[in-house]
Amino acid sequence: MGGDTAAPDRPEALAGCTVVLGVTGGISAYKAVEVCRQLVDLGAHVVPVLTEDASRFVGETTFSALASERVRTSLFDDADPIPHTRLGRSADLVLVAPATAKLLGKYAAGISDDLLTATLLATGAPVVLAPAMHTEMWEHPAVVENVATLRRRGVHVVEPDTGRLAGGDVGAGRLAEPSRIVAAVLHMLQVPSASTPPDLAGVRVLVTAGGTREPIDPVRFIGNRSSGKMGHAIAQVAAARGASTTLVTTQGPVSIPGVTAVDVDTAEEMAAAVLAKYDDVDVVVMAAAVADFRPKVAAQEKIKKRDGVPEILLESTPDILAALGERKRAQVLVGFAAETERVREHAAEKLAAKRVDLMVANDVGAADSGFEVDTNRAVLLDSSGASEELPLLTKVELAGVIWDHVGRILRTPVLKRGSS
Ligand code: C5P
């Protein structure tokens with residue numbers, strides 16, 4: 001087990017969390033026993049699900065003894081006629097370690113021919129996969145594409161290590177050490193671990209999320225496609241890293257550990273909620289997609305079809321970020337620029353115009369980035385003129401990168417923070 005037997009710090013960090021631990025049939029299945037033990041040590045409720053092949057490599061009795069529930073192997077050996085939906089729904093996270101090429105292929109293709117793959121398709125919980133296989137298989141274009149597809153869908157893949165493989169070969173494809181797999185679980189569940197120190201302790205943070213809704217009448221509104229996922233991930237990660245976090249969201253009600261949520265609907269309500277808090281915070285992240293226009297007058301009663309097509313006169317909404325920029329003292333301001341073309345250029349213009357310290361420019365024109373999906377591709381621009389182009393990341397990962405940058409800005413004296 002490569003000497004990796006130490007459970008991560010923070011005893012009971014996973015108390016109250018249910019983790020479905022899928023084990024597939026690879027030679028490294030024995031390492032899943034150690035993963036199981038570390039998760040249980042951290043207080044997780046672990047439900048092991050073994051594929052038929054996994055049972056050839058590792059004993060069901062070992063898992064049943066170590067885990068919180070007996071091993072499940074089949075869709076049909078339960079009193080429950082639909083164990084996969086129950087498991088999928090009850091899970092806070094589904095982890096598969098080791099994940100064979102076969103499991104990656106089935107999951108990417110949406111095939112559910114056993115309890116584990118059915119559970120993966122039935123769950124809405126975060127999924128972590130720790131692949132393990134021979135180098136040739138790991139580098140095969142089919143596997144590379146399956147991994148890319150799964151990552152695009154928001155699945156967290158723990159890169160295998162390079163080292164000694166079954167049969168004495170050496171190369172990439174060795175199952176990651178149990179502590180790295182468990183660290184990924186802690187990361188996905190937003191539980192601070194040794195690798196996510198509470199570096200934002202004492203920092204007061206305000207995050208906005210979601211698209212505003214500007215009423216046309218009591219049932220209709222002008223809205224946009226923002227799901228709030230990016231802003232919620234930013235608030236989640238801030239709280240996990242120790243910040244005192246308020247989230248102003250149009251996508252409530254939400255319950256995120258350590259986050260105080262304020263529900264709003266319109267740009268006007270969001271502006272009021274943000275400005276009321278502004279003097280008491282150190283960082284504002286405006287991840288919300290605030291409508292730029294709203295109907296000048298909202299009808300009191302539902303507009304009737306029989307009255308013909310209404311003419312709706314629009315007016316501008318308050319630009320919250322610009323207002324924050326104008327009355328900024330020492331606060332760090334983070335803005336988002338959702339663009340469909342000339343992303344970098346437009347973002348740089350907004351950064352200067354709104355006196356923003358960090359602009360997150362994302363391309364909302366691509367299928368795997370921006371609105372509604374769990375992944376995002378962004379360029380970060382700061383007021384010193386520096387920029388960083390990031391690869392496709394999950395929104396939680398991107399949130400981590402944004403807070404790393406904000407942390408650096410907070411540590412820079414105000415007078416040296418660039419031209420804003
Ligand atoms: O100029 P644009 O609206 O594209 O700028 C986007 C940034 O400004 C985002 O951070 C968004 O939250 C913020 N914004 C705002 N108030 C508005 C419009 C956008 O705070 N009315």
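All ligand and atom numbering here is 1-based and tracks the order in the structure.
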With a 3.5 Å distance limit and no angle check, can you tell me whether Thr117 reaches the backbone of Asp114 through a side-chain donor-acceptor pair?
yes
Arg417 side chain to Ala330 backbone, donor-acceptor under 3.5 Å
yes
Output, in order, the C-alpha distance, side-chain angles, deciding distance and verdict of salt bridge (charged side-chain N to carboxylate O under 4.0 Å, His left out) for Arg294 and Glu315.
CA-CA 6 Å; Arg294 67 183 169 206; Glu315 65 179 4; 2.9 Å; yes
Residue pair Ile181, Lys31: steps toward the side-chain contact (heavy atoms from CB on, under 4.5 Å) verdict:
CA-CA 11 Å; Ile181 297 171; Lys31 284 193 187 173; over 6 Å; no
Would you call Arg37 and Asp41 a salt bridge, using N to O less than 4.0 angstrom?
yes
Is there a donor-acceptor contact under 3.5 Å from the side chain of Trp138 to the main chain of Val143?
no
Distance filter under 4.0 Å, heavy atoms only, around ligand 1 gives Met286, Ala288, Val290, Ala291, Asp292, Thr317, Pro318, Asp319, Ile320, Leu321, Gly335, Phe336, Lys350, Lys354
